[in-house]
Amino acid sequence: MMERVYIGLGSNLAEPLDQLRDALGALAQLPQSQLVNVSSFYASDPLGPPEQPRYVNAVAALDTRLMPLQLLDALQAIELNQGRQRKAERWGPRTLDLDILLFGQRLLDEPRLKVPHYHMHARPFVLYPLAELAPDLQLADGRRLSELLSACPFQGLERL
Ligand code: ROI
């Protein structure tokens, strides 16, 4: 069974636009998967510690037969391959962040993976690109994307 997954991409180091383009190339190569659609790219100020560069974010839609933790492993391998270093600082800068936002209609609460992504409802740089791909989306927990959007101002996002 193919499941539709939405993946959040983010970068604020080492040429963020190139990082996102390279990551999309890697997503397109994932086994048992098909990259279906990609949102526009958006720039925004960092959420969290302010002394770091602006971020570039996007959302991708992927159809996959991989299981959730298999996909997570594959995404973390792409992050590492693009030079991601795990630092002690919480919410610090990163070359590439790939977050599983939604995985079909699954609700996952595992140590490594919580779906829907825990912070997505409050992050304009996730919700607005996601809405480009799936404006009528309803999350597995019943929330509607349209409702999340009306509680999350576009403010601060710059569509590139
Ligand atoms: N801030 C923005 N604008 N975009 C991100 O992708 C992002 N990712 C993060 C933190 C550090 C929370 N801030 C961010 O992980």
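FYI, side chains are in, hydrogens and waters are out, and symmetry mates aren't considered; it's all heavy atoms of this structure. The residues of the chain are indexed from 1 along the displayed sequence. Atoms within each ligand, like the ligands themselves, are counted from 1 in listed order.
- Residue L102 forms a side-chain contact (heavy atoms from CB on, under 4.5 Å) with just one option from I7, L130, V59, V5, and that option is L130.
- Around atom 3 (N) of ligand 1, the closest heavy atom drawn from G8, S44, P53, P16 belongs to S44.
- With a 4.0 Å cut-off on non-hydrogen atoms, R123 touches ligand 1 through its side chain and not its backbone.
- Ligand-side atoms of ligand 1 in range of D45: 2 (C), 3 (N), range being under 4.0 angstrom from any heavy atom.
- Distance check, rounded to the nearest 0.5 Å: CD of Q138 to CG of L145 gives 10.5 Å.
- Contact atoms of ligand 1 toward P46: 1 (N), 3 (N) (distance under 4.0 Å to a heavy atom of the residue).
- The closest approach between a heavy atom of V126 and any atom of ligand 1 is not below 4.0 Å.
- With a 4.0 Å cut-off on non-hydrogen atoms, W91 touches ligand 1 through its backbone as well as its side chain.
- The protein heavy atom nearest to atom 1 (N) of ligand 1 is L47 N, 3.0 Å.
- Proximity of R54 to ligand 1, defined as any heavy-atom pair under 4.0 Å, is not found for any part of the residue.
- The protein non-hydrogen atom at the shortest distance from atom 15 (O) of ligand 1 is R94 NH1, 3.2 Å.
- The proximity of N57 to ligand 1, defined as any non-hydrogen pair under 4.0 Å, is limited to the side chain.
- Ranking the protein heavy atoms by distance from atom 8 (N) of ligand 1 puts Y55 CE2, 3.8 Å first.
- Atom OG of S40 sits about 12.0 Å away from atom CD of E158, to the nearest 0.5 Å.
- Of the inter-residue distances, the one linking Q76 atom CD with D97 atom CG reads 10.0 Å to the nearest 0.5 angstrom.
- Contacts of D97 with ligand 1, taken as heavy-atom pairs under 4.0 Å, involve the side chain alone.
- Contact record, L27 with L62: O-CD1, 3.9 Å, taken as the closest heavy-atom pair.
- Counting all heavy atoms, side chain and backbone alike, Y6 lies closest to A134 at OH-CB, 3.5 Å.
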- Query: Run the ring pair (Phe, Tyr, Trp, His ring centres under 6.0 Å) check on Y128 and Y42 step by step: do they pass?
  - Reply: CA-CA 9 Å; Y128 285 88; Y42 292 82; 7.7 Å; no
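- A donor-acceptor pair is defined here as one N or O able to donate and one able to accept, closer than 3.5 Å; no such pair exists between the side chain of N57 and the backbone of F125.
- For S33 (side chain) and Q29 (main-chain N/O), no donor-acceptor pair under 3.5 Å exists by modelled atom type.
- Residue contact annotation: G48 has no non-hydrogen atom under 4.0 Å from ligand 1.
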